[in-house]
Amino acid sequence: MSRYDPATIEPRWQQHWADAATFHVDVDPDKPKYYVLCMFPYPSGSGLHVGHPESYTAVDIVARYKRMRGFNVLNPIGFDSFGLPAERAAQRENRHPAEITRERIAYFREQMQRLGFSFNWEREISTCEPEYYRWTQWIFLKLYEQGLAYLAEVPVNWCPAQGTVLANEEVVDGRYVETGDPVERRMMKQWMLRITAYAERLLEDLEGLDWPEGVLEMQRQWIGRSEGAEVRFDVADSDESFVVYTTRPDTLFGATWCVLAPEHPLVTRITTDDRRAEVEAYVAAAANKSDMERQLAADKEKTGVFTGAWAINPVNGEKIPVWVADYVLSTYGTGAIMAVPAHDERDHAFARKFGLEIRPVYQPDHDHDFQESAWPGEGRAINSGQFDGLTVAEFKTAIIDWLEEQGVGRRKVNYKLRDWLFSRQRYWGEPFPIVHLEDGTVVPLSPDDLPVTLPHVDAYKPTEDGQPPLARATDWVHTTYQGKPARRETNTMPQWAGSCWYYLRYMDPHNDRLPFGPDKVAYWRNVDLYIGGVEHAVLHLLYARFWHKVLYDIGMVPTKEPFQKLFNQGMILAYAYRESSGRYHHPDTVERRPGQAVEMVSAWTQETVTTDWFVKGTDIPVEEKLGKMGKSLNNSVDPLDIVKRYGADTLRVYEMFMGPLEQIKPWQTSGCEGVHRFLSRVWRLFVDEETGETRPPEGTSKEARKALHLAIQEATEGIEQLKLNTPIAKMMEFVNACKGRTPAREDAEAFLLILSPWAPHIAEELWHRLGHDRSLAYEPWPEVDDSALVDDTMTIVVQVMGRKRAVIEVPADADKDEILARARADENVARHLEGKTIRKEIYVPGKLVNIVAN
RNA sequence: GGGGGCGUGGCGGAAUCGGUAUACGCGCUCGACUCAAAAUCGAGUGGCCUCAGGCCGUGUGGGUUCGAGUCCCACCGCCCCUACCA
């Protein structure tokens with residue numbers, strides 16, 4: 001007895017690949033390079049779930065295919081191992097985060113290795129190890145050298161209860177998501193990176209990238225380029241003036257007031273005494289609101305107060321009131337705007353609320369009630385002096401020229417992109433290679449002093465007086481610089497830092513003189529194919545592109561962009577099961593009882609729903625709902641559980657068979673059955689289960705040979721286009737077409753080769769049983785034999801008036817007339833033509849005949 | 001409000017240079033093998049009807065065409081991102 005037993009063959013081949021260093025890779029000038037990369041995981045406490053291997057499997061299929069196509073393939077893996085969850089676990093368990101992280105990585109590695117991915121394990125990296133973050137610090141020094149890193153007083157999310165600053169994504173509705181503690185805005189001195197200096201290039205260089213359109217668009221919107229003008233307004237009866245930014249300088253004649261952001265420095269200086277109390281109260285209230293609260297308020301009604309001051313409109317000398325309102329953002333443009341209620345919806349709403357003047361300066365080509373709504377579109381200028389009659393585009397050019405001549409304004413491009421807040425008050429991150437001297441001088445350390453390693457601290461939380469955890473390590477903090485006393489920087493870098501350049505470190509992971517050698521990067525250049533989740537569409541990809549461009553500018557990398565082609569895999573969802581009480585049941589512990597639907601109260605909606613799902617062995621009904629896989633819905637599936645039941649090859653093939661890679665799709669463990677049956681059938685095609693002997697070839701039928709070459713074609717095209725689901729169906733069709741007869745040697749080998757990227761273990765095992773000593777990993781990829789795809793006969797669909805009436809078989813060389821004659825002769829077709837005149841006969845070669853008759 | 005994506009059997013999905021809708025698989029039904037079960041193999045499986053045939057059917061309603069899941073117009077529903085950026 002020798003049945004398909006993945007539990008014995010899979011570990012054997014994994015061991016073989018490791019022992020033979022099958023997938024180790026190095027620079028090879030004789031081979032073209034191919035760099036595939038999956039976004040490296042954060043080693044969480046719960047291990048991988050079956051969602052993770054989706055991108056790893058896709059990447060592995062491409063890697064194995066490209067090797068067989070003669071490429072030198074870089075397919076590395078590592079761990080994004082700094083970050084908050086490990087720090088929290090460290091607090092909870094009172095252990096060092098490094099220890100916790102290493103344990104978690106060990107489990108991740110075990111899980112991944114059990115799935116047979118052809119990663120270059122000899123290149124594994126972990127961003128929290130000093131050998132790695134030494135070079136993150138090194139690159140930071142380069143950024144500092146270039147004037148791209150600076151300290152600034154900026155608003156942060158401060159959580160008094162936790163005594164720390166929080167990341168934006170940790171704050172929802174003005175509260176810390178984990179504990180519900182209130183969060184306030186506070187000014188703090190922070191490290192910033194001048195990403196805005198690269199805004200234009202980050203935008204322009206999106207052009208040449210082979211990325212999903214949606215991601216390109218998200219990056220464009222995030223960078224948010226706009227063209228307009230800055231215009232100076234003098235404050236009446238004073239020496240003060242302020243500058244507004246507008247994309248519609250052509251509506252200057254319609255400006256009926258100005259607004260300053262509550263944080264604008266001019267507010268206190270120009271507010272009149274009679275208005276002071278009210279203005280100060282408003283500014284104070286705005287300061288306490290988080291961004292989120294301001295946004296929520298924005299949905300309701302606009303607020304604001306009059307400062308008592310008046311500004312002079314430079315185009316007509318008119319005096320207009322100056323207001324303070326929090327719908328103007330201090331962090332964008334100049335923090336001040338001119339309000340044109342007739343042509344801007346936000347200003348219109350404000351005008352209606354406070355009864356301010358609405359003055360149209362464009363007439364659209366139809367009637368428009370300006371009191372009712374703003375008109376932001378095209379028109380001819382009115383109420384604009386010498387500019388009357390111009391179109392929007394003409395007016396813009398003319399008014400900017402005029403403003404520049406008068407010295408009261410200038411053309412200006414603005415970006416929504418802000419500089420990157422680069423420091424965190426955390427322990428578990430890269431320390432900055434920076435010391436502060438007693439006189440306040442900020443000094444970057446020499447590259448020779450790196451790495452600045454993390455000190456041991458007595459607790460992973462802020463000090464009593466609110467300093468970051470690193471301040472607890474007093475011996476570490478107090479140091480000397482060139483004989484002078486100095487204090488080390490106690491902030492750490494954010495989690496994004498390590499992932500900004502990891503794809504470069506993979507090229508030369510053990511280099512202890514440089515982050516990566518020039519010879520290596522000259523060969524590997526950049527990533528050819530990058531696969532990962534769409535959740536990184538903006539931040540990670542933008543940050544990494546920024547660092548890459550800085551490295552390009554200082555001559556360290558030869559390419560302008562890090563990731564040539566990007567592909568987003570769709571998230572794998574899972575069904576969750578919940579009883580009325582709110583308790584969740586794992587998918588393994590419930591069952592469906594068709595025809596036994598009952599009513600229950602949904603724990604989600606509190607409404608009555610019908611369900612035919614029950615907790616196994618009980619009569620407790622549960623409601624089914626699709627959701628993200630995770631702890632909160634108790635619906636995670638561990639890949640190792642699937643490996644135990646079905647084997648790694650089944651898991652890999654099922655992950656791909658579920659549907660298109662880019663699509664969101666639900667995990668259903670039962671779906672593994674079909675894949676496992678398929679692989680078992682493949683096994684039986686080659687191995688006699690009774691004797692365990694390898695079966696001798698019996699020959700390939702014409703149908704089977706055609707199915708084989710269709711499968712080769714589908715697999716080849718599929719991998720090139722990352723359509724990895726349909727080739728599996730074609731391979732199944734081949735196996736079905738074999739009808740249990742062992743195919744001829746040549747065909748058997750071609751089949752195993754195309755199967756191998758998806759199911760490498762069974763393919764290697766059978767390849768070996770066919771008498772090969774060497775791994776199939778570097779065998780040439782099979783070519784399609786077009787002659788195998790040609791049939792003796794064609795199947796032609798016959799339609800009458802566009803409706804299918806018959807299907808006929810004709811010789812492959814039959815001509816049009818012959819086929820039409822055969823079609824008309826068909827009994828059922830003739831019946832539908834009876835008593836009608838044939839008006840037209842359409843013949844689509846090889847496919848279809850349509851007879852038009854009435 | 002803006003941007004992007006998606007609606008096809010009981011389920012995952014296949015087919016979009018317009019040409020047999022539901023490939024492949026899950027599930028289900030029946031049959032073979034077996035004392036029995038598992039495994040395996042074979043057959044069937046969109047709905048309806050007056051069932052050698054026919055009608056309807058790819059979110060809804062129109063349109064173009066000999067022919068529409070695919071193209072055009074209008075709408076409905078779901079998901080994701082983003083959000084006062086002047």
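All of these numbers come straight from a predicted model, not from anything done at the bench. A, B, ... follow the sequence lines: proteins, then strands. Residue 1 opens every chain.
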Participant: Would you check, one step at a time, whether the test ring-ring contact (aromatic ring centres under 6.0 Å, His included) holds for W211(A) with F567(A)?
Facilitator: CA-CA 7 Å; W211(A) 284 21; F567(A) 196 94; over 10 Å; no
Participant: On RNA chain B, check which nucleotide each of T795(A) and G335(A) is closest to and give me the residue with the more 5' one.
Facilitator: T795(A)
Participant: Tell me which nucleotide among rU40(B), rG19(B), rU20(B) gets nearest to the side chain of V807(A).
Facilitator: rU20(B)
Participant: Touch check for P212(A), heavy atoms < 4.0 angstrom, all strands: base, sugar-phosphate only, or nothing?
Facilitator: nothing
Participant: Mind checking who rA83(B) pairs with, Watson-Crick or G-U wobble, both distances under 3.5 Å?
Facilitator: none
Participant: Which one is paired to rG53(B), where only Watson-Crick or G-U wobble pairs with both distances under 3.5 angstrom count?
Facilitator: rC49(B)
Participant: For K665(A), answer base if it contacts any base atom (sugar-phosphate contacts may also be present), sugar-phosphate if it contacts only those atoms, and nothing otherwise; contact means non-hydrogen atoms under 4.0 Å.
Facilitator: sugar-phosphate
Participant: Does the side chain of H832(A) get closer than 4.0 angstrom to OP1 or OP2 of rG54(B) through an N or O atom?
Facilitator: yes
Participant: Could you tell me whether S680(A) contacts a base, only the sugar-phosphate backbone, or nothing, with contacts defined as non-hydrogen atoms closer than 4.0 Å?
Facilitator: nothing
Participant: When we call it a touch if two heavy atoms are under 4.0 Å apart, what does Q663(A) touch: a base, just sugar-phosphate, or nothing?
Facilitator: sugar-phosphate
Participant: By the 4.0 Å heavy-atom rule, please label K804(A) as base, sugar-phosphate, or nothing.
Facilitator: base
Participant: Please pick, from rC55(B), rC24(B), rC26(B), the nucleotide with the shortest atom-to-atom distance to any side-chain atom of N736(A).
Facilitator: rC24(B)
Participant: Given the side-chain rings of W420(A) and Y543(A), with only the six-membered ring counted for Trp, is the space between their centroids under 6.0 Å?
Facilitator: yes
Participant: OP1 or OP2 of rA86(B) versus the side-chain N and O atoms of Y332(A): is any pair under 4.0 Å?
Facilitator: yes
Participant: Name the pairing partner of rC78(B), where a pair is Watson-Crick or G-U wobble with both distances under 3.5 Å, or state none.
Facilitator: rG5(B)
Participant: Taking CD from E733(A) and P from rA14(B), how many angstroms apart are they, rounded to a whole number?
Facilitator: 14 Å
Participant: Rounded to whole Å, how long is the line connecting atom CE of M731(A) with atom C1' of rC24(B)?
Facilitator: 12 Å
Participant: Tell me what Q799(A) touches on the nucleic acid: a base, only sugar-phosphate, or nothing, going by heavy atoms under 4.0 Å.
Facilitator: base
Participant: Mind checking the P distance from rU22(B) to rG44(B)? Whole angstroms is fine.
Facilitator: 14 Å
Participant: Using whole Å, report how far CH2 of W222(A) lies from P of rG2(B).
Facilitator: 20 Å
Participant: Can you work out whether L417(A) or Y575(A) has the more 5'-proximal nearest nucleotide on RNA chain B?
Facilitator: Y575(A)
Participant: Looking only at side-chain N and O atoms, does R677(A) come under 4.0 Å of OP1 or OP2 in rC26(B)?
Facilitator: yes
Participant: Which part of the nucleic acid, if any, lies within contact of R220(A), taking any heavy atom under 4.0 Å across all strands shown: a base, the sugar-phosphate backbone alone, or nothing?
Facilitator: nothing
Participant: Who is the Watson-Crick or G-U wobble partner of rG10(B), with both distances under 3.5 Å?
Facilitator: rC26(B)
Participant: To the nearest angstrom, how far is I728(A) atom CD1 from rC26(B) atom P?
Facilitator: 13 Å
Participant: Which one is paired to rC41(B), where only Watson-Crick or G-U wobble pairs with both distances under 3.5 angstrom count?
Facilitator: rG31(B)
Participant: Taking atom C1' of rG12(B) as reference, at what distance in whole Å does atom CD of E655(A) sit?
Facilitator: 13 Å
Participant: Under the rule syn = chi within 90° of 0, otherwise anti, which is rG9(B)?
Facilitator: syn
Participant: Any idea which of rC26(B), rC24(B), rA86(B) is nearest the A729(A) side chain?
Facilitator: rC24(B)
Participant: Which of the following nucleotides, rU40(B), rC24(B), rC81(B), is nearest to the side chain of M218(A)?
Facilitator: rC81(B)
Participant: What nucleotide among rA15(B), rG19(B), rA86(B) has an atom nearest to a side-chain atom of T726(A)?
Facilitator: rA15(B)
Participant: Taking only the P atom of each, what is the distance from rG10(B) to rU45(B) in whole angstrom?
Facilitator: 15 Å
Participant: Would one find a side-chain N or O of N568(A) under 4.0 angstrom from OP1 or OP2 of rC80(B)?
Facilitator: no
Participant: How about K616(A): does its NZ atom have over 12 heavy atoms from other parts shown lying under 6.0 Å from it?
Facilitator: yes
Participant: Taking atom P of rU16(B) as reference, at what distance in whole Å does atom CD of E717(A) sit?
Facilitator: 11 Å
Participant: For the side chain of R684(A), counting heavy atoms from C-beta on, which of rC66(B), rC24(B), rU40(B) is nearest?
Facilitator: rU40(B)
Participant: Within 45 degrees of the ring normal and closer than 6.0 Å to the centroid, is that where the cationic atom of K302(A) sits relative to Y327(A)?
Facilitator: yes
Participant: Just by modelled atom types, is the N828(A) backbone N or O under 3.5 Å from a matching donor or acceptor in the R805(A) side chain?
Facilitator: no
Participant: Does the ring centre of F354(A) sit less than 6.0 Å away from the ring centre of W257(A)?
Facilitator: no
Participant: Please give the distance between the C1' atoms of rC24(B) and rU34(B) as a whole number of Å.
Facilitator: 31 Å
Participant: Of all the nucleotides listed (rU40(B), rC66(B), rG53(B)), which has the minimum atom distance to the side chain of R831(A)?
Facilitator: rG53(B)
Participant: Does any N or O donor sit under 3.5 Å from an N or O acceptor when you compare the side chain of K302(A) with the base of rC84(B)?
Facilitator: yes
Participant: I need the CD-C1' distance between Q569(A) and rC80(B), as an integer number of Å.
Facilitator: 14 Å
Participant: C1' atom, rG27(B) versus rU65(B): distance in rounded Å?
Facilitator: 39 Å
Participant: Considering only atom P, compute the distance from rC28(B) to rA15(B) and round it to an integer number of Å.
Facilitator: 27 Å
Participant: Classify the angle between the aromatic ring planes of Y245(A) and Y332(A) as parallel (below 30°), tilted (30 to 60°) or perpendicular (above 60°).
Facilitator: perpendicular
Participant: Could you let me know what rG69(B) is paired to, Watson-Crick or G-U wobble, both distances under 3.5 Å, or none if it's on its own?
Facilitator: none
Participant: Give the nucleotide from the list rA15(B), rU40(B), rC55(B) with an atom nearest to the side chain of R805(A).
Facilitator: rC55(B)
Participant: Considering only atom C1', compute the distance from rG19(B) to rA74(B) and round it to an integer number of Å.
Facilitator: 27 Å
Participant: What contact category does V797(A) fall into here, base, sugar-phosphate, or nothing, at under 4.0 angstrom with non-hydrogen atoms?
Facilitator: base
Participant: Scan N414(A) against the nucleic acid and name what it touches under 4.0 Å (heavy atoms): base, sugar-phosphate only, or nothing.
Facilitator: nothing
Participant: Pick the C1' atom in rG69(B) and in rG57(B), then give their distance to the nearest Å.
Facilitator: 11 Å
Participant: Side chain of R3(A), heavy atoms from C-beta onward: which of rC55(B), rA39(B), rA86(B) has the nearest atom to it?
Facilitator: rA39(B)
Participant: So if I take every side-chain heavy atom of E673(A) and compare against rA39(B), rU20(B), rC26(B), which nucleotide ends up nearest?
Facilitator: rC26(B)
Participant: Can you tell me how far P in rG9(B) sits from the matching atom in rG59(B), rounded to whole Å?
Facilitator: 8 Å
Participant: Please confirm whether the ring centroid of Y575(A) lies under 6.0 Å from the ring centroid of W613(A).
Facilitator: no
Participant: Whole Å only: how far is the CH2 atom of W683(A) from the P atom of rA39(B)?
Facilitator: 20 Å
Participant: Fit a plane to each ring of F242(A) and H264(A), take the angle between them on a 0 to 90° scale, and name the class: parallel (under 30°), tilted (30 to 60°) or perpendicular (over 60°).
Facilitator: perpendicular
Participant: Aromatic contact between Y654(A) and W667(A), with the criterion being ring centroids under 6.0 Å apart: yes or no?
Facilitator: yes
